[in-house]
Amino acid sequence: MNLEHQLSSYVLSAFEQVWNIDINPEIISFQETKKEFEGSHTLVCFSLTKFTKLSPEQTGEAIGKYLTAHAPFVTRFNVVKGFLNLTISDVYWLDSLKSISQTTNYGFGEDKNELVIVEYSSPNTNKPLHLGHLRNNFLGYSVAEILEANGYKVIRNNLVNDRGIHICKSMLAYILFGNGETPESSNLKGDKLAGKHYVLFNNILLRENVIIRDTISKEIQSINPMVESGQLSPEEYITELVDRLEKLERSNPGMDKLDLNKYKSLLLNDQCVLDEAQNIINYILNPVDHNFKVEEKNFSLILAQSMLLKWEEGDSQVRELWQKMNTWVYAGFEETYEKIGVKFDKYYYESNTYLLGKEVVEEGLKSGVFFTKDNGSVWIDLKEEGLDEKLVLRNDGTSVYITQDLGTADLKYNDFQFAKSIYVVGNEQDYHFKVLQAIMKKLGRPYADGIYHLSYGMVDLPSGKMKSREGTVVDADDLVNEMLQTAETNTRELGKVNDFSSEEANKLYQTLGLGALKYFLLKVDPKKRMLFDPQESVQFQGNTGPFIQYTHARIRAILRKADEIGIHTPLWEFDRIELLPVEKDVIVWLNKFPQILKEAGEKYSPAEIANYVYELAKEYNRLYQEVSIFNEAHMPALKSRLLISYVTGNLIKTCMKLLGIDVPERM
RNA sequence: GCGCCCAUAGUUCAAUGGAUAGAAUUUCAGAUUCCGGUUCUGAUGAUGGGGGUUCGAAUCCCUUUGGGCGCACCA
């Protein structure tokens with residue numbers, strides 16, 4: 001039973017004995033006493049006045065008197081306006097300190113025997129990870145740690161988006177530009193290689209657009225006379241297009257070289273492309289069709305769509321290339337995950353799950369939750385839930401995004417019978433997840449209430465807002481490397497590593513750089529959009545990871561010294577009955593941890609932990625500054641300060657671990 | 001157009017409906033230097049605007065302004 005519970009029960013008995021009333025324990029709540037008043041716990045009396053029939057001040061006085069008389073650990077009280085501030089005895093705090101120091105996993109929750117799935121990262125296999133993914137990964141990993149500490153069994157899940165038109169774009173570009181290169185031959189990480197080709201695909205689009213615009217323009221004489229005489233076949237048009245692409249390349253020597261022969265043969269062998277070419281020719285002959293849009297006439301896009309169809313049919317060539325490129329990408333991702341220290345217990349691949357969900361649709365149709373429109377498409381009406389009508393199956397019977405999610409939710413439940421399923425996904429998908437949960441409720445899924453969308457905001461950089469659309473994405477690997485580099489520079493300048501071996505030093509840079517990055521991204525309320533300042537994050541002062549890491553290292557240094565001078569008998573064996581205010585402040589703060597951890601778990605918010613551990617480090621530094629440890633002549637006082645240091649150091653380490661951050665023993 | 005989210009010192013972040021809105025950073029002034037420098041103390045400075053509910057509002061409601069996101073038979 002913690003202190004607040006004990007206080008509450010004394011307040012309850014005060015009401016029983018003084019006023020002869022039973023009150024609801026829930027209206028008794030304590031809060032932290034403001035620094036300028038004496039005491040540590042404060043009871044707000046306003047809401048109690050209707051029971052006492054007294055003014056808030058009188059109520060506070062009366063309860064205060066009762067508590068000092070009956071609760072052994074309440075030594076003094078004062079009432080300011082309607083606030084009753086309680087002072088707890090030093091003996092109580094010293095006992096709590098000793099007890100914390102002997103508790104393993106202090107503050108952790110009881111085993112809840114419930115399973116939670118935390119799904120995060122969930123990358124596209126054609127794009128390397130960027131800054132936004134880092135926030136996602138760190139959040140997911142940390143929330144998983146926090147839930148585990150709260151007593152849940154946690155599955156860290158990664159749903160890999162490894163299929164779809166976007167993958168085919170990369171594959172097509174690889175066929176046309178790749179020239180057989182591999183991560184080894186190009187010396188690129190696998191995900192970077194795939195990403196490069198995704199960009200190259202857009203390159204073809206642009207080139208084609210230029211040329212298609214040219215060919216449909218009447219001013220280009222070399223082709224149009226043939227059109228007018230009706231002599232231009234789709235094949236000839238394609239040949240013309242490829243010729244022009246070649247000319248374009250020749251006049252721009254810096255351009256990436258397209259394998260034109262391969263491209264031409266792909267185009268000529270695709271019926272959809274030939275049909276589209278005929279459409280273009282028809283338009284050139286008779287350009288009255290106002291709906292004709294050049295942007296929609298990209299042959300490369302048509303090829304990518306054909307490729308997706310082939311993939312779905314299981315075409316062996318397409319599948320083989322897909323397999324090969326995905327293997328590269330996964331290797332690249334793993335390298336990054338390893339580097340940033342996140343891990344997963346389970347992977348789902350969309351290539352395996354994209355067909356799921358159709359049975360769910362069937363079921364919903366039978367039960368009348370879904371309905372069919374005239375064209376055969378299937379919908380759900382969520383107007384009662386404050387949402388709109390939403391498509392769940394196309395008229396051709398194929399799945400949409402939400403269909404897959406319906407299916408995967410069932411799959412996950414069948415696999416794990418989770419109590420909660422947490423999706424760490426950006427806030428641009430808020431609506432999607434509202435719909436998902438609403439549908440699951442309507443379908444009567446037992447787990448529907450356990451679905452939680454951990455929605456987080458975008459990360460901006462000081463150099464300007466980053467948006468993938470505008471191409472200003474910041475690559476995750478580059479950023480991490482930059483952080484490690486800055487950590488190294490700063491640390492060297494301060495001369496912290498002069499006596500370190502190069503191996504130790506490198507490990508330290510890694511710890512500091514990553515710690516800075518993770519702490520900075522996690523200390524902010526997840527749902528808020530935030531600004532990441534790399535320079536500020538690696539500072540050793542301020543609300544930063546390295547500041548906290550530094551405090552930990554300092555504590556370890558103190559404990560090493562204590563050991564050297566022979567104080568290593570059990571630290572908790574001392575007799576002391578009085579505490580200095582700064583000492584008590586730290587102990588009070590240490591006592592808050594269980595509650596903070598619980599709240600962080602309930603709110604899925606690593607920021608709670610981050611802000612707590614920062615305050616803890618500050619409180620400790622204040623103690624460190626104001627009182628001497630080793631110059632203390634009174635041995636019980638010296639030992640109790642060492643014990644405070646020991647417990648604080650351990651708790652800093654625990655908190656940082658919950659954030660996925662390592663702390664150094666020395667620096 | 002409709003819907004959701006956000007708005008707090010110069011800047012970056014805090015604040016279960018509770019006290020004089022806290023930190024960090026910046027600038028200025030000082031202290032400590034025992035274990036360790038980057039530690040500590042103090043000063044300056046803010047709830048976008050207007051209404052309402054409440055004993056009490058940064059927080060809840062309405063309105064207005066300014067940002068972001070979403071409104072695909074894309075994922």
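Numbered from 1 within each chain, the chains take letters A, B, ... in sequence-line order. These numbers come from a predicted model, not from an experiment. What's counted below: heavy atoms across the whole structure, side chains too, no hydrogens, waters or symmetry copies.
Considering only side-chain N and O atoms, Lys81(A) lies under 4.0 angstrom from the phosphate OP1 or OP2 of rU20(B). At the phosphate of rC34(B), neither OP1 nor OP2 sits under 4.0 Å from any side-chain N or O atom of Arg641(A). Side-chain N/O atoms of Arg554(A) include none lying less than 4.0 angstrom from OP1 or OP2 on rU39(B).
By the 5.5 Å and 30° criteria, Tyr431(A) is not stacked with the base of rG3(B). In this pair, Phe83(A) does not lay its aromatic ring on the base of rG18(B); centres under 5.5 Å and planes under 30 degrees do not both hold. For the pair Tyr614(A) and rA23(B), the ring geometry does not qualify as stacking, because the centroid separation below 5.5 Å and plane angle under 30° are not jointly satisfied.
Across the P atoms, rG45(B) and rU11(B) are found 16 Å apart, a figure rounded to whole Å. Comparing the P positions of rA9(B) and rG49(B) gives a spacing of 10 Å, expressed to the nearest Å.
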Go through the steps to decide whether Ile629(A) and Ser645(A) satisfy the test side chain to side chain contact (heavy atoms under 4.5 Å, CB included), and finish with yes or no. CA-CA 10 Å; Ile629(A) 293 176; Ser645(A) 304; 3.9 Å; yes
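Taking the six-membered ring for Trp and the full ring otherwise, the centers of Phe83(A) and Phe37(A) sit at least 6.0 Å from each other. In this structure, His166(A) has its ring center no closer than 6.0 Å to that of Tyr198(A).
For a distance-only test at 3.5 Å, the side chain of Thr544(A) fails to qualify as a donor-acceptor partner of the base of rA24(B).
Comparing atom distances between the Tyr624(A) side chain and each of rA15(B), rG36(B), rC4(B) picks out rG36(B) as nearest. You'll find that the side chain of Arg560(A) is closest to rG36(B), out of rU25(B), rG36(B), rA19(B). Checked against rA14(B), rC35(B), rU25(B), the side chain of Lys528(A) finds its nearest nucleotide in rA14(B).
rG18(B) and rC55(B) make up a base pair, with Watson-Crick or G-U wobble contacts both under 3.5 Å.
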